[in-house]
Structures are given as structure tokens and as C-alpha cells.
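What's counted below: heavy atoms across the whole structure, side chains too, no hydrogens, waters or symmetry copies.
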Amino acid sequence: MKTTVFTAILIGLATQVSAQDAQVTIQQDSKIDELVKLYTTVHANSGFYQIQVGFGNYKKAQELLDQVEVDFPDWYSKIEFESPTYRVRLGKFKTKLEAERKYLEVRKKYPDAMLLKPEEKESKS
């Protein structure tokens with residue numbers, strides 16, 4: 001008897017339980033979006049040495065990138081488009097010494113590789 005009453009109460013309560021609906025509103029300064037855009041622009045490539053492994057049409061660049069990711073799996077790699085070709089670039093090295101050491105390693109596998117200097121930052125006066 002107690003079990004039947006207890007079960008009936010649990011079933012009755014379970015049918016009455018419902019989830020809460022809520023809405024979250026985030027208010028932020030509009031300048032935050034501008035700062036995020038500025039940050040990504042400034043830190044895209046500037047300040048880093050990179051190694052350009054090769055270039056060509058998109059298909060050739062994608063095949064080369066796949067091979068580079070196999071040969072150097074722990075290194076940053078990507079395809080960049082600079083008209084009219086796609087360029088496969090490897091690494092983000094902060095110092096020239098580090099970049100030159102890695103460059104020598106890459107040249108063993110890709111003899112046409114080139115070491116790229118960081119882009120100069122524009123100074124606003």
C-alpha cells in the first residue's frame with residue numbers, strides 16, 4: 001500500500017515538473033569588436049619568420065600542404081593566396097636564429113624552400 005501511494009505521488013510530481021526557459025542578454029561595448037579585428041590584423045603574419053615551401057595553383061598547393069603536414073606535423077602550416085598563386089608557408093618563428101635552423105631542416109626535404117622575413121609594421125604618427 002505504501003509503495004502504491006509513493007509511486008502515485010512520484011508519477012504525479014514527475015508529470016508536473018517542467019524545464020525552465022531563460023534568455024541571456026550580453027551587453028558589451030561596441031569597441032570590443034573593433035579591438036578584436038585590430039588584434040587579428042596585427043598578429044596575422046607580422047613579427048614572424050616563415051618558410052615558404054612552394055607555390056602554384058590551388059590543387060598543387062593543397063597537395064603540397066598535405067605532404068608538409070605529414071613531414072612536419074607539429075609545425076604551423078597554411079596556404080596563403082597572393083595573386084596569382086597560392087603559397088604554402090610553414091612555421092611562425094620569432095627569432096631569426098630559430099627560423100634559420102628550421103629552414104636548414106626544411107631544405108633537406110624541400111630544396112626550393114625560401115626563408116621569409118617578417119613584414120614591417122606600419123608606424124602611425
Side-chain angles (χ1 to χ4, degrees):
M1 171 104 166
K2 288 183 182 179
T3 309
T4 310
V5 173
F6 186 71
T7 305
I9 291 173
L10 284 176
I11 292 173
L13 289 175
T15 58
Q16 296 298 321
V17 175
S18 62
Q20 297 178 0
D21 294 327
Q23 183 177 1
V24 176
T25 305
I26 298 175
Q27 297 177 351
Q28 72 179 22
D29 192 351
S30 61
K31 292 183 180 181
I32 291 176
D33 293 328
E34 293 174 31
L35 288 173
V36 169
K37 287 179 186 175
L38 179 63
Y39 179 83
T40 54
T41 303
V42 168
H43 289 87
N45 285 333
S46 61
F48 294 106
Y49 288 87
Q50 290 186 311
I51 300 169
Q52 182 171 306
V53 181
F55 61 93
N57 61 26
Y58 183 75
K59 183 178 178 184
K60 181 180 175 184
Q62 187 62 49
E63 291 170 357
L64 184 58
L65 179 67
D66 292 340
Q67 186 61 41
V68 165
E69 289 176 343
V70 169
D71 294 334
F72 305 100
D74 297 332
W75 295 12
Y76 173 81
S77 59
K78 70 175 182 174
I79 295 175
E80 291 183 0
F81 178 73
E82 290 183 13
S83 185
T85 60
Y86 293 87
R87 302 169 191 276
V88 178
R89 297 200 172 150
L90 181 62
K92 280 188 168 183
F93 309 109
K94 292 183 180 181
T95 65
K96 186 175 183 179
L97 180 62
E98 178 188 15
E100 287 176 347
R101 287 180 179 164
K102 299 294 184 177
Y103 173 65
L104 293 175
E105 187 177 335
V106 171
R107 288 280 310 245
K108 292 175 185 175
K109 182 77 177 173
Y110 302 97
D112 294 333
M114 299 184 307
L115 181 60
L116 304 176
K117 295 180 181 179
E119 296 176 5
E120 295 293 325
K121 294 183 181 178
E122 295 178 12
S123 59
K124 295 182 179 179
S125 300

* Begin from the C-alpha positions of Asn57 and Thr85 and carry the test side-chain contact (heavy atoms from CB on, under 4.5 Å) through to its verdict. => CA-CA 6 Å; Asn57 61 26; Thr85 60; over 6 Å; no
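Between the CD atom in Glu69 and the CG atom in Leu90 there is a gap of 9.5 Å [rounded to 0.5 Å]. Taken to the nearest 0.5 Å, the CD atom of Glu34 stands 8.5 Å off from the CG atom of Asp29. A distance of 14.0 Å separates CD1 of Ile79 from CZ of Phe55, quoted to the nearest 0.5 Å.
Under a hydrophobic-cluster definition in which Ile, Leu, Val, Met, Phe, Trp and Tyr are linked whenever side-chain heavy atoms come within less than 4.5 Å, directly or via other members, Val70 and Tyr76 are assigned to different clusters. Met114 and Val68 fall into different hydrophobic clusters, where Ile, Leu, Val, Met, Phe, Trp and Tyr side chains are chained together by heavy-atom contacts under 4.5 Å.
In this view, Gln28 and Ile32, Asp33 satisfy the side chain to side chain contact (heavy atoms under 4.5 Å, CB included) rule, not counting sequence neighbours. Residues passing the side chain to side chain donor-acceptor pair (under 3.5 Å) test with Asp66 are Gln62, sequence neighbours excluded.
Taking the six-membered ring where the residue is Trp, Tyr58 and Tyr86 present perpendicular rings, their angle passing 60° and hence far from 30°.
In Tyr110, the OH atom is crowded: over 12 heavy atoms of neighbouring residues, nucleotides or ligands sit closer than 6.0 Å.
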List, one per line, each side-chain donor-acceptor pair under 3.5 Å for residues 95-105, sequence neighbours excluded.
from: Thr95; atom 1: OG1; to: Glu98; atom 2: N; distance (Å): 3.2
from: Tyr103; atom 1: OH; to: Arg107; atom 2: NH1; distance (Å): 2.7
from: Tyr103; atom 1: OH; to: Ala113; atom 2: O; distance (Å): 3.2

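Residues Glu82 and Arg87 are paired through a salt bridge, judged by an N-O separation under 4.0 Å between the basic side chain and the carboxylate.
Pairing each heavy atom of Lys109 with each of Pro111, the nearest pair is O-CD, 3.5 Å.
The closest side-chain heavy-atom distance from Phe93 to Gln50 is not below 4.5 Å. Proximity of Ile51 to Arg89: side-chain heavy atoms (C-beta onward) are nowhere separated by under 4.5 Å. When side chains are defined from C-beta on, Val88 does not count as touching Ser77, because their heavy atoms never get closer than 4.5 Å.
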